[in-house]
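Written out below as structure tokens is the structure these notes cover.
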Amino acid sequence: MTLSETPSGPTGADRTFQVDLRGLVDLLSHHLYSSPRVYLRELLQNAVDALTARHGLEPAAPADAFGIRLYADGSVVRVEDDGVGLTETDVHTFLATIGRSSKRAMGGSSPAEPVPGWGRIDEQRGDFIGQFGIGLLSCFLVADEIHVLSRSARTPDAPVVEWRGRGDGSYTLRTLPVSARPRPGTTVTLSPRLDAGEWTRPAQVHALARHFGSLLRHPVTFDDGTGGPGAPVNPEPAPWARTYPTPGARSRALAAYGEEVFGFTPLDTIELDLPAVGLKGIACVLPEAVPAGRRHGHRVHVKGMLLSEQAEEILPEWAFFVRCVVDAESLRPTASRESLYEDDTLAAVRDALAERLRAWIARTAASDPDLLGRFLQAHHLAVKSLAVHDDEILRMLLPWLPFETTDGHATLDEFARTHRTVLVTSSVEEFRQVAAIASAAGLGVVNGGYTYDRQLVHRLPEIRPEVSVADLDPATLTAHLDPVDRETELAAAAYLALARDALAVFDCDVALRTFQPVSAPALLLDSREARHERTRSQLAREQQGGLWGDILGHLRQEAPRAQLILNQLNPLVRTAVTIDEPELARTSAEALYGQAAMLSRRPLRPAESSLINRSFLDLLAHALRKDS
């Protein structure tokens, strides 16, 4: 937008900005509106607001007494309404002044005189969709000229006003006899540019009208110029506004509408009704899981006009298991009318809709276990995220939520019946390290490495006071492994010493125990926190020297160490501890460490990968030498 001063007027006097209309249209097309297609939405919106004002003048008129007619034959696009119409003064004030809306309060930038017969518009502003006074400019995205023919309904003998606005910022205005438009209302005609054919072809105009106006409360028809009857754009009211013979028929109709809008068959549909803000609609429960944190856009209509298909802000982040389509009276659109203005009303609506979703979960948990099971199977992560912070949902659903445990996938309610003490790991890899051994030892361990799981397991005593929960650490598990007798340990002492020396580079201690299953030769206990602490200490020691290096070296010696627990019940281990060749003993210990590290399924460090390869080749070479 180019701003310049009006050259006339004395020095120091107030001056008026001049607007480069072409620059403003370019600004709208590239930075305000997402696509040229919005021109039709803006024309429909102006027509709807004009009809709203007409009904304000004639409140006794039937709801379908006034309508909107669209026409597109490839050469012109025309939108005609039976609305309140415009006087010559209105045209000068509103059509020829950028940013001044006929729906805006009339005490500031608008004329001091209220529009005759219309009352003060600031008292009716909430009845209109448009608020910003720039919508008509969107027509310049597809045409170089806007032709408006209007006759006011406020004065019986009002003349017809013709206004032609051009993209260069100029306009002409003249009055015509009543015969030019016998009935009150407004007709806007566009002659599209050649480069706008994508948005102005008859089929596309009809599709856009359906897209934006399918829920409008005024009758809208479309004519493609072929001589046939006009096609209805919005033949039926919104599905939630219709009457049905039975509750089942209503549910099926809402589900069918959700499938038509979103392209999937809902697991269930939740009716949304907030009378305080005039909001109605449905939430469709997705039949399949979605990635955590991925938020779907929702379809939001304001007074029947589609505002946005990607309105994420209408629901809280945790509600990513539904997609909504709503129509509201009191939500405020932004200037582009493609998103919602973040204000107290929107915040209150978001909270109220969240309560509706919570109520659906509670109702389903109480009355439909089969539906609840299917819902939790698909969306347990969403429910877990909610249960972490919502005590009511926690009490209702925590016993139903599935977790990975040493007894397989089970609900906490099932798991707590078997294990009065529930142990929980802090990571997935720790659970995988200990799961088989803990299960054989009769310990009940839950994998707390997934999002929200550890927090929720620790809240289990709030629901089941007889159950205790504790974090699992290596010492807890080691305490449940049976020690070997003293004679066996003394016999293996030399081997264990060589093994500790070989694995010292990994800060790993070695011990001999007996545990189930017999098929497991070794267990590596090494938490992520312990590895991090050892790495941090090592880096700090390498970066320091002298006294500080000695101090940090001492601290490193006290850092948590990994433990390689050898299983004396395993035949391979019983053979290994009898090896009397030092190099072969070291190689066998390295191989056992590598195998245990791989079974833990955590990422291997480069040194561990190298050790696994080296120990395998050394053992292979030893076997070949022995056989030769």
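- A search for side chain to side chain contact (heavy atoms under 4.5 Å, CB included) contacts involving R299 returns H211, V261, F262, H301, L306, E309, V325, not counting sequence neighbours.
- Within the 3.5 Å criterion, the main-chain N or O of R183 finds a donor-acceptor partner in the side chain of R181.
- Under a 4.0 Å N-O distance rule, the pair E80/R78 does not qualify as a salt bridge.
- Taking CZ of F222 as the reference point, atom CZ of R210 lies at 12.5 Å (rounded to 0.5 Å).
- Every pair passing side chain to side chain donor-acceptor pair (under 3.5 Å) that includes a residue from residues 374-384 is listed here, sequence neighbours excluded: D370-R374, K384-D453.
- Remark: H389 pairs with no residue by the side chain to side chain donor-acceptor pair (under 3.5 Å) rule, at least two apart or across chains.
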- With side chain to side chain contact (heavy atoms under 4.5 Å, CB included) as the test, would you mind laying out the steps for W163 and S150 before giving the verdict? CA-CA 8 Å; W163 179 86; S150 188; over 6 Å; no

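- For the pair L274 and R356, the tightest heavy-atom approach, listed with the atom from each and the gap, is CD2-NH2, 3.1 Å.
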- Step by step, work out the side chain to side chain contact (heavy atoms under 4.5 Å, CB included) result for L216 and M305. CA-CA 6 Å; L216 289 175; M305 182 70 71; 4.0 Å; yes

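- Under 4.0 Å is where a charged nitrogen must lie from a carboxylate oxygen, and between D273 and K280 at least one such pair does.
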Under 3.5 Å, side-chain donor or acceptor atoms of residues 361-368 against the rest of the protein: list the pairs with distances, not counting sequence neighbours.
residue : atom : partner : partner atom : Å
T364    : OG1  : W360    : O            : 2.8
S367    : OG   : R363    : O            : 2.7
D368    : OD1  : L371    : N            : 3.1

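- Scanning both residues, A158 and S152, for their nearest heavy atoms gives CB-O, 3.8 Å.
- Among pairs with a residue in residues 243-263, those fulfilling side chain to side chain donor-acceptor pair (under 3.5 Å) read R250-E271, E259-T265, at least two apart in sequence or across chains.
- With sequence neighbours left out, R358 forms a salt bridge (charged side-chain N to carboxylate O under 4.0 Å, His left out) with E355, D390.
- For R395, the side chain to side chain contact (heavy atoms under 4.5 Å, CB included) test picks out D391, E392, I463, with sequence neighbours left out.
- No donor-acceptor pair under 3.5 Å is formed between the side chain of R332 and the backbone N or O of T345.
- Residues that satisfy the side chain to side chain donor-acceptor pair (under 3.5 Å) test with D351, not counting sequence neighbours, are absent from this structure.
- Note that CG of L357 is 9.5 Å distant from CD1 of I393, once rounded to the nearest 0.5 Å.
- Rounded to the nearest 0.5 Å, atoms CD (Q45) and CG (L307) are 9.5 Å apart.
- Applying the salt bridge (charged side-chain N to carboxylate O under 4.0 Å, His left out) criterion to E58, with sequence neighbours excluded, gives R54.
- For the pairing with V84, the side chain to side chain contact (heavy atoms under 4.5 Å, CB included) check across D90, L51, T52, L57 returns one residue only, L57.
- Applying the side chain to side chain contact (heavy atoms under 4.5 Å, CB included) test to V188 and every residue at least two apart in sequence or in another chain returns L43, I146, V148, T186, L190.
- Between H55 and H218, the two ring planes are parallel [angle under 30°; tilted spans 30° to 60°].
- Side-chain rings of F321 and F375 approach one another, their centers coming within less than 6.0 Å.
- Applying the salt bridge (charged side-chain N to carboxylate O under 4.0 Å, His left out) criterion to E342, with sequence neighbours excluded, gives R350.
- Counting all heavy atoms, side chain and backbone alike, E162 lies closest to H147 at OE2-NE2, 2.9 Å.
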- Task: Could you walk me through whether R69 and D223 pass salt bridge (charged side-chain N to carboxylate O under 4.0 Å, His left out), step by step?
- Result: CA-CA 8 Å; R69 293 165 295 282; D223 182 359; over 6 Å; no

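- Here D157 contributes atom CG and R151 contributes atom CZ; the two are 8.0 Å apart, rounded to the nearest 0.5 Å.
- Not counting sequence neighbours, the partners of E236 by the salt bridge (charged side-chain N to carboxylate O under 4.0 Å, His left out) test are R242.
- Residues S191 and V76 approach most closely at OG-CG1, 4.2 Å, considering heavy atoms.
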- Check the pair H206, D224 against side chain to side chain contact (heavy atoms under 4.5 Å, CB included), reporting the backbone distance first and the verdict last. CA-CA 8 Å; H206 189 199; D224 62 3; over 6 Å; no

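- Here the closest heavy-atom approach between residue A209 and residue L70 is recorded as CB-CD1, 3.3 Å.
- The two residues A143 and P192 have their closest heavy-atom pair at CB-CA, 4.3 Å.
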- Step by step, would you call N234 with L215 a side chain to side chain contact (heavy atoms under 4.5 Å, CB included)? CA-CA 6 Å; N234 52 342; L215 298 186; over 6 Å; no

